[in-house]
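One-based numbering, in listed order, for ligands and for the atoms of each. All of these numbers come straight from a predicted model, not from anything done at the bench.
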Amino acid sequence: MRIPDITIAVDGYSSTGKSTFARLIAKHFDFLYLDSGAMYRGVTLFAQEQGLIAPDNTIDPALEKALEGLDLHFGQGTVLFMGDRNIEKEIRTMEVSSQVSPIAAVPYVRSWVDDRLHAFAASGRVIMDGRDIGTTVFPNAEVKVFMTARPEVRAQRRYDELVSKGEHPVFEEVMKNLQERDYIDSHRETSPLRRAEDAFELNNSDMGLTEEVAWAEGLIRGKFGLLDAPEEIG
Ligand code: CDP
């Protein structure tokens, strides 16, 4: 049975597998998947290339004006483009990861990204992942999931992902980056990372992808009275 055209918000800490989960659910239920983190990563790459962020993370206030000329959009499904340039690979490097959280803490950056996310999602039937989707971007989302996993599991996943992309990460640096981002993301003033009160928590440290989809299917169908909602896995 086809589920209604709802909005699904997926939030959580770095490398908890939000995008893998959201992509699977999008495929399963025929939803549009939007990766809000990619947008923050795109703004970070732009700031770095324009020389608007220093190595010590000081952000040049000229970034606010410069954003007026920036075109970030998704093409070919979920690939991020800057103008006509495919930047999907560049936004996933450690270089971008190391400065994305300071950029994402800036209020005018957040409102610039939020405006675009709302426009991209205007057609509905969307699943979006990030840090503040269930709290700020789509506070009325019908289904909200908050993902967690043990830190060492998360660092290993991100390490493996970087290796598979041909990078040569140092495990301790990957772990440190996740911890720093989690700290900045949950302590910033504007839209900090936190679980929405009505979000279901999914701790996937010891779960496979098939189990995750089954859990979500139970949750979503339960929401529409097609099944009982599942217990939280925490
Ligand atoms: O993939 P991973 O979970 O490591 O991160 P991401 O989703 O690509 O997001 C990168 C960074 O963007 C996060 O660490 C946050 O600083 C920021 N972000 C945010 O502030 N709000 C969102 N809705 C999504 C991402």
- [ ] Using heavy-atom distances, let me know which of R154, E180, R181 sits nearest atom 10 (C) of ligand 1.
- [x] R181
[X] heavy atoms, cut-off 4.0 Å: which ligand 1 atoms fall inside?
X	value
D132	21 (N), 22 (C), 23 (N)
I133	23 (N)
R188	19 (C), 20 (O), 21 (N)
S14	3 (O), 4 (O)
A104	16 (O), 17 (C), 20 (O)
G37	6 (P), 7 (O), 8 (O), 9 (O), 24 (C), 25 (C)

Task: Residue part near ligand 1, for M39, under 4.0 Å between non-hydrogen atoms - done: neither
Open item on the list: Just to be sure I read this right, does ligand 1 sit under 4.0 Å from the backbone of L193, its side chain, both, or neither, counting only heavy atoms?
Closed with: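 For L193, there is no contact with ligand 1 at all, from either part.
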Is [Y] close to [X] at the side-chain level, that is, under 4.5 Å between some pair of heavy atoms?
X	Y	answer
M147	Y13	no
D132	L193	no
I184	P102	yes

Of the protein's non-hydrogen atoms, which lies at the shortest distance from [atom], and what is that distance?
atom	value
atom 8 (O) of ligand 1	R41 NE, 2.6 Å
atom 16 (O) of ligand 1	D185 OD1, 2.6 Å
atom 18 (N) of ligand 1	Y40 CD1, 3.5 Å
atom 24 (C) of ligand 1	S36 OG, 3.2 Å
atom 22 (C) of ligand 1	R131 N, 3.3 Å
atom 1 (O) of ligand 1	R158 NH2, 3.0 Å

Open item on the list: Using a plain distance cutoff, I'd like to know if K18 has any nitrogen or oxygen under 3.5 Å from a nitrogen or oxygen of ligand 1.
Closed with: yes
Task: ligand 1 N/O within reach of R110 N/O, cut-off under 3.5 Å - done: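 Yes, R110 has an N/O under 3.5 Å of an N/O on ligand 1.
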TODO: Find out whether the Lys NZ or Arg CZ of R116 is both under 6.0 angstrom from the six-membered ring centre of W112 and within 45° of the ring's axis.
DONE: yes
Open item on the list: On a heavy-atom basis, which atom in A66 and which in F46 lie closest, and how many Å separate them?
Closed with: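 Scanning both residues, the minimum pair turns out to be O-CZ, 3.7 Å.
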TODO: Please report the closest heavy-atom contact between M207 and L202, naming both atoms and the distance.
DONE: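 Smallest interatomic distance, heavy atoms only, reads SD-CD1, 3.5 Å.
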Open item on the list: Does the plane of the ring in F31 sit parallel, tilted or perpendicular to the ring in F29? Use 30° and 60° as the thresholds.
Closed with: perpendicular
Task: Lys/Arg-Asp/Glu bridge criterion (N-O < 4.0 Å) met for K176, E172 - done: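 Salt bridge: no.
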Task: Option among R158, R181, R154, R157 that satisfies the side chain to side chain donor-acceptor pair (under 3.5 Å) test with S15 - done: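 For S15, the side chain to side chain donor-acceptor pair (under 3.5 Å) check succeeds only for R158.
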Open item on the list: Taking the ring centre of each residue, are F74 and F120 less than 6.0 Å apart?
Closed with: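 Centroid distance F74-F120: below 6.0 Å, so yes.
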Task: Residue pair S14, D182: steps toward the side-chain hydrogen bond (donor to acceptor under 3.5 Å, both in side chains) verdict - done: CA-CA 7 Å; S14 303; D182 286 348; 3.3 Å; yes
